[in-house]
Each structure stands twice: as C-alpha cells, then as structure tokens.
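What follows is a single structure, written as structure tokens, with notes after it.
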Amino acid sequence: MKEQRAAIVYFTREFSPEAVMRLYEKINESITGKVGIKLHFGEDGNHYHIRPDFLKELQRQTNATFVETNIIYPGRRQKTESHIALAKEHGFDYAPIDILDSEGEMPLEVSFSHINEAWVGTHLNDYDTYIVCTHFKGHVMSGFGGAIKNISMGMASRSGKNAMHRSHYPQTTPENCISCGLCLESCAADAITLNPLRVHPAECVGCGKCISACPQGCFRMADRKEEKELFMEKLSEYAKSVADNANMVYINFINNISKDCDCFGHPHDPFVHDIGIMASTDPVSIDKASLDMVNEAAKTQDAFLDVNNVSGNHQLDYSEQLGLGTQNYTLIRLDD
C-alpha cells in the first residue's frame with residue numbers, strides 16, 4: 001500500500017487548561033458550527049478520566065455541549081438520567097450534556113467486512129463538529145483505548161456496542177478459583193457463577209472487568225489471535241462509519257495510564273504517569289503517536305501487550321487500511 005502523506009500531531013508536555021487551548025488554536029480552523037465535545041465521564045469511583053477543569057475554557061470558547069452514549073451493562077451510566085447525574089458529580093456540571101442515544105438509535109448504512117450497519121444515537125447529526133477528547137489508557141480487549149475507540153464504542157448505541165462485543169466473553173480456569181467473590185462484585189451483568197466458576201455467555205456483555213478483578217488470573221479473553229483481531233476490526237469499522245458522517249478533531253490526554261479503561265470504578269494503578277497532551281485531525285496518527293510515547297516511557301516495544309496480553313497495533317493497521325487515517329505522522333512539539 002502506498003504510504004500516505006504524514007499527518008500533523010501537535011504535542012505539549014504541559015498539563016493545564018492553557019495547554020489545551022494552545023492545542024485548540026492549532027486545529028480550530030477545522031472546527032465549525034455547533035460543537036459537541038465527546039468524552040468519557042468516568043465510571044462511578046474512577047479518578048483517571050479527563051479532569052473537567054481542563055476542558056472548561058475549551059467549552060466556553062466553542063459554546064460546546066458535552067456528549068456521550070449510554071453503556072450496555074448495568075450501572076449508573078446505563079440510563080440517561082443517572083448518567084448525567086454522575087457526569088455532574090465528576091465535575092462536568094458547567095455545560096449542557098447530551099446523551100446521543102437518549103431518544104433512540106439509528107443505523108448508518110455501510111459496507112465493511114464485518115458490519116453493514118453501524119448503530120448510533122439519533123442525536124449524532126445534531127452537531128456540525130465533534131472535538132473528541134480521549135484519555136489514552138489500556139483496554140483488556142483492544143490493548144489500548146484511544147481516539148479510535150472513543151468514536152467507535154464510545155459513539156455507538158446499545159445495539160452497536162452489543163454488535164462489537166458479541167462473541168467476546170472471557171474463558172475461565174476454574175481450578176484456580178478460590179471463591180473470593182471479587183469477580184461477582186465486578187460483574188454488573190450477573191453473568192458469573194461460582195463452584196464451579198463459570199461465565200454465562202447469554203448474560204455476559206464482554207466488558208472484561210472480571211479479568212482485572214480476579215487475583216488468581218482465572219479469567220482471560222480468548223487466546224486465539226483471530227478473535228482479538230476481530231474485535232479491533234469491528235472497532236475500526238465503527239470508527240470509520242462514524243467519522244465519515246461527522247466532522248471531527250481529536251485531543252488525547254496521555255496520563256494516568258492504567259491497564260484498565262475508564263469504565264472501571266477501581267482500575268489498577270497507572271504503570272505510566274504524565275506524558276502530555278496531543279491534538280490532531282487524524283485519529284489514527286494521534287493514537288499511533290500516543291502509543292509510541294507510552295512505549296517509550298515504559299521502555300518496551302509494546303506496553304499494552306505486556307500488561308494486557310493484547311497488542312493494540314492491529315486496530316491501527318486495520319484503521320489505516322480502511323482509510324480512517326494514517327500511522328505516518330509528523331510530531332510538532334509546542335514546548336520547543
């Protein structure tokens with residue numbers, strides 16, 4: 001495949017609202033009309049999500065609405081009213097909040113290897129531009145979660161989330177189970193029973209929380225490479241579907257990097273701390289640049305393979321193949 005022209009990724013090591021605005025000034029020519037700031041408000045108890053004060057001036061200058069979608073597993077983020085209440089408790093109380101699928105879902109007609117419909121919230125087309133603000137971190141099924149995942153799983157409706165998760169439930173090693181019950185506490189779908197340990201596929205939503213909760217390592221995603229790659233390919237196809245239907249720019253916050261995503265109320269401690277903030281108009285480039293910096297900070301070739309036993313490189317490769325963006329980037333450091 002012919003190498004694409006390098007995308008520009010802007011970077012600063014400074015973590016502050018002022019640093020966010022300096023990055024915004026580099027990409028604001030691509031921002032027009034009614035603006036939605038897409039972000040993850042953090043699970044109940046999670047403290048690694050993007051700090052709300054970092055987005056306050058960005059929201060004010062763009063007159064933006066915070067946007068999100070509801071989740072598929074039980075919890076406060078499953079229902080619109082409690083989801084918004086949690087967002088406000090986490091500090092996102094200074095701007096309007098729109099749950100994109102609060103009034104239903106609609107299909108985007110597409111033609112990819114794995115999907116021909118991408119299900120999203122009916123409010124998707126209510127905005128002219130999305131500023132996609134992402135906390136770059138780990139994920140037990142895709143290695144890492146970045147901008148690509150934020151516009152795929154993060155913007156999909158319940159039907160879309162189910163379609164991406166379908167057939168991805170953990171395998172178990174019952175002989176290692178000590179019946180401590182931590183997996184039961186972590187499973188909001190009530191999909192696990194003990195004695196013997198078992199995951200019930202009909203109830204499991206594939207969130208992977210049991211994997212991180214178990215001290216004995218009794219849970220794991222399927223070891224078969226093709227199953228892991230299928231999940232990432234679905235993420236990429238959904239991301240491409242959404243990006244083709246909306247104008248988007250991207251800001252990644254690379255800090256407090258745990259092996260777990262922000263859907264975990266009690267994630268593992270970060271294995272990499274503050275690196276910096278990035279901005280780009282290309283979701284593949286910004287995720288590739290973020291991953292490169294995490295690998296450098298962790299002094300390894302594939303940090304998320306090390307901590308999650310899943311490499312996220314395939315989502316970059318497949319997203320590039322789909323034409324979502326390019327892994328070829330030029331990094332412009334604003335601190336120099």
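None of these values were measured; they are calculated from a predicted model.
Residues Ile84 and Phe41 form no side-chain contact, since every pair of their non-hydrogen atoms from C-beta on lies 4.5 Å or further apart. Here the side chains of Val20 and Glu18 are not in contact, with every heavy-atom distance at 4.5 Å or above. Contact of the Ile286 side chain with the Thr134 side chain is not registered, since no non-hydrogen atoms from C-beta on lie closer than 4.5 Å. Between Arg13 and Ile277 there is no side-chain heavy-atom pair separated by less than 4.5 Å. Between Tyr318 and Lys234, the closest side-chain pair of non-hydrogen atoms is not below 4.5 Å. When side chains are defined from C-beta on, Met106 counts as touching Asn125, because their heavy atoms get closer than 4.5 Å. Within the 4.5 Å cutoff, side-chain heavy atoms of Val120 are placed close to those of Leu108. Contact check for Val242 versus Ser152: no side-chain heavy atoms found under the 4.5 Å cut-off.
Within a 6.0 Å radius of CD in Gln216, other residues, nucleotides and ligands contribute more than 12 heavy atoms. Residue-environment remark: NE2 (His114) exceeds the threshold of 12 foreign heavy atoms within 6.0 Å. The environment of His90 atom NE2 is dense: over 12 non-hydrogen atoms of other residues, nucleotides or ligands sit within 6.0 angstrom.
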Q: Please test Lys240 against Phe112 for side chain to side chain contact (heavy atoms under 4.5 Å, CB included), starting from the C-alpha separation and ending with a verdict.
A: CA-CA 10 Å; Lys240 175 65 172 170; Phe112 293 119; 3.5 Å; yes
Q: Using the side chain to side chain contact (heavy atoms under 4.5 Å, CB included) rule, take Val310 and Val140 through it: C-alpha gap first, then chi angles, then the decisive distance, then the call.
A: CA-CA 7 Å; Val310 181; Val140 296; over 6 Å; no
Q | Steps toward side chain to side chain contact (heavy atoms under 4.5 Å, CB included) verdict (Leu235, Met164) | A | CA-CA 7 Å; Leu235 286 181; Met164 283 181 275; 3.8 Å; yes
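Applying the side-chain hydrogen bond (donor to acceptor under 3.5 Å, both in side chains) rule to Thr281 yields no partners; only residues at least two apart in sequence or on another chain are considered. Judged as a salt bridge (Lys or Arg N to Asp or Glu O under 4.0 Å), and not counting sequence neighbours, Asp126 has no contacts. Scanning for side chain to side chain contact (heavy atoms under 4.5 Å, CB included) contacts around Ser157 gives Asp101, Glu105, Trp119, Ser159, with sequence neighbours left out. In this structure His314 satisfies the ring-ring contact (aromatic ring centres under 6.0 Å, His included) test with no other residue, sequence neighbours excluded. Legend: residues meeting side-chain hydrogen bond (donor to acceptor under 3.5 Å, both in side chains) with His83, ordered by chain and number and at least two apart, are Asn70.
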Distance-only donor-acceptor pairs under 3.5 Å for side chains of residues 256-265, two or more places apart:
{"residue": "Ser258", "atom": "OG", "partner": "Asp260", "partner atom": "N", "Å": "3.1"}
{"residue": "Ser258", "atom": "OG", "partner": "His268", "partner atom": "O", "Å": "2.8"}
{"residue": "Lys259", "atom": "NZ", "partner": "Val307", "partner atom": "O", "Å": "3.4"}
{"residue": "Asp260", "atom": "OD1", "partner": "Ser212", "partner atom": "OG", "Å": "2.5"}
{"residue": "Asp260", "atom": "OD2", "partner": "His268", "partner atom": "N", "Å": "2.7"}
{"residue": "Asp260", "atom": "OD2", "partner": "His268", "partner atom": "ND1", "Å": "2.8"}
{"residue": "Asp262", "atom": "OD1", "partner": "His135", "partner atom": "ND1", "Å": "3.1"}
{"residue": "Asp262", "atom": "OD2", "partner": "His135", "partner atom": "ND1", "Å": "2.9"}

Can you give each donor-acceptor pair under 3.5 Å made by side-chain atoms of residues 51-59, sequence neighbours left out, with the distance rounded to 0.1 Å?
{"residue": "Arg51", "atom": "NE", "partner": "Asp53", "partner atom": "OD1", "Å": "3.1"}
{"residue": "Arg51", "atom": "NH2", "partner": "Asp53", "partner atom": "OD2", "Å": "2.7"}
{"residue": "Glu57", "atom": "OE1", "partner": "Arg60", "partner atom": "NE", "Å": "3.0"}
{"residue": "Glu57", "atom": "OE2", "partner": "Arg60", "partner atom": "NE", "Å": "3.2"}
{"residue": "Glu57", "atom": "OE2", "partner": "Arg60", "partner atom": "NH2", "Å": "2.6"}
{"residue": "Glu57", "atom": "OE2", "partner": "Gln61", "partner atom": "NE2", "Å": "3.1"}
{"residue": "Gln59", "atom": "NE2", "partner": "Ala64", "partner atom": "O", "Å": "2.9"}

I'd like a table of donor-acceptor pairs (distance under 3.5 Å, sequence neighbours excluded) in which one partner is a side-chain atom from residues 175-193, with atom names and distances.
{"residue": "Ser179", "atom": "OG", "partner": "Asn195", "partner atom": "OD1", "Å": "3.0"}
{"residue": "Ser186", "atom": "OG", "partner": "Cys183", "partner atom": "O", "Å": "2.9"}
{"residue": "Thr193", "atom": "OG1", "partner": "His200", "partner atom": "NE2", "Å": "2.9"}

Just distance, no hydrogens or angles: give the donor-acceptor pairs under 3.5 Å from side chains in residues 25-38, sequence neighbours left out.
{"residue": "Lys38", "atom": "NZ", "partner": "Glu68", "partner atom": "OE1", "Å": "3.2"}
{"residue": "Lys38", "atom": "NZ", "partner": "Asn150", "partner atom": "OD1", "Å": "2.6"}

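The hydrophobic cluster around Leu86 extends to none of the other residues, as no ILVMFWY side-chain heavy atom falls under 4.5 Å of it.
Between the side chains of Thr173 and Arg220, at least one donor N or O lies within less than 3.5 Å of an accepting N or O. Asn295 and Thr300 form no side-chain donor-acceptor contact under 3.5 Å, judged by distance and modelled atom types alone. For Glu320 and Asn328, the side-chain atoms include no donor-acceptor pair closer than 3.5 Å. Under the 3.5 Å distance criterion, with hydrogens and angles disregarded, no donor-acceptor pair is assigned to the side chains of Asn116 and Ser111. Between the side chains of Thr80 and Ser102, no donor N or O sits under 3.5 Å from an acceptor N or O. Using modelled atom types and a 3.5 Å distance limit, the side chains of Thr12 and Glu14 yield no donor-acceptor pair.
Ser285 contributes atom OG, which lies 8.0 Å from atom CD of Gln327 (distance to the nearest 0.5 angstrom). Between the CZ atom of Arg77 and the CD1 atom of Ile72 there is a distance of 10.5 Å, given to the nearest 0.5 Å. Considering CE of Met155 and OG of Ser241, their distance stands at 12.0 Å, rounded to 0.5 Å. Here the CG-OG distance, from Leu316 to Ser236, works out to 8.0 Å after rounding to the nearest 0.5 Å. To the nearest 0.5 Å, the span separating OG on Ser319 from CD on Glu233 amounts to 9.5 Å.
Residue pairs that meet the salt bridge (Lys or Arg N to Asp or Glu O under 4.0 Å) test with at least one member in residues 81-93, sequence neighbours left out, are Arg76-Glu89. Identified under the salt bridge (Lys or Arg N to Asp or Glu O under 4.0 Å) test for residues 270-288, with sequence neighbours left out: Lys288-Asp292.
Hydrophobic clustering (side-chain heavy atoms under 4.5 Å, transitive across Ile, Leu, Val, Met, Phe, Trp, Tyr) keeps Ile251 apart from Tyr130. In the hydrophobic clustering of ILVMFWY residues, with side-chain heavy atoms under 4.5 Å counting as a link, Tyr250 and Phe253 come out apart. Both Ile151 and Val9 are part of a single hydrophobic cluster, where members link through side-chain heavy atoms under 4.5 Å apart. The hydrophobic cluster containing Met293 does not contain Ile332, counting ILVMFWY residues as joined when their side-chain heavy atoms lie under 4.5 angstrom apart, directly or transitively. Tyr127 and Ile131 fall into different hydrophobic clusters, where Ile, Leu, Val, Met, Phe, Trp and Tyr residues are linked whenever their side-chain heavy atoms come under 4.5 Å apart, directly or through other members.
In this structure, Phe66 has its ring center closer than 6.0 angstrom to the ring center of Tyr94.
Phe136 and Phe304 have perpendicular rings, their planes meeting at more than 60° on a 0 to 90° scale where under 30° would count as parallel.
The backbone N or O of Arg158 sits less than 3.5 Å from a side-chain atom of Asn162, completing a donor-acceptor pair.
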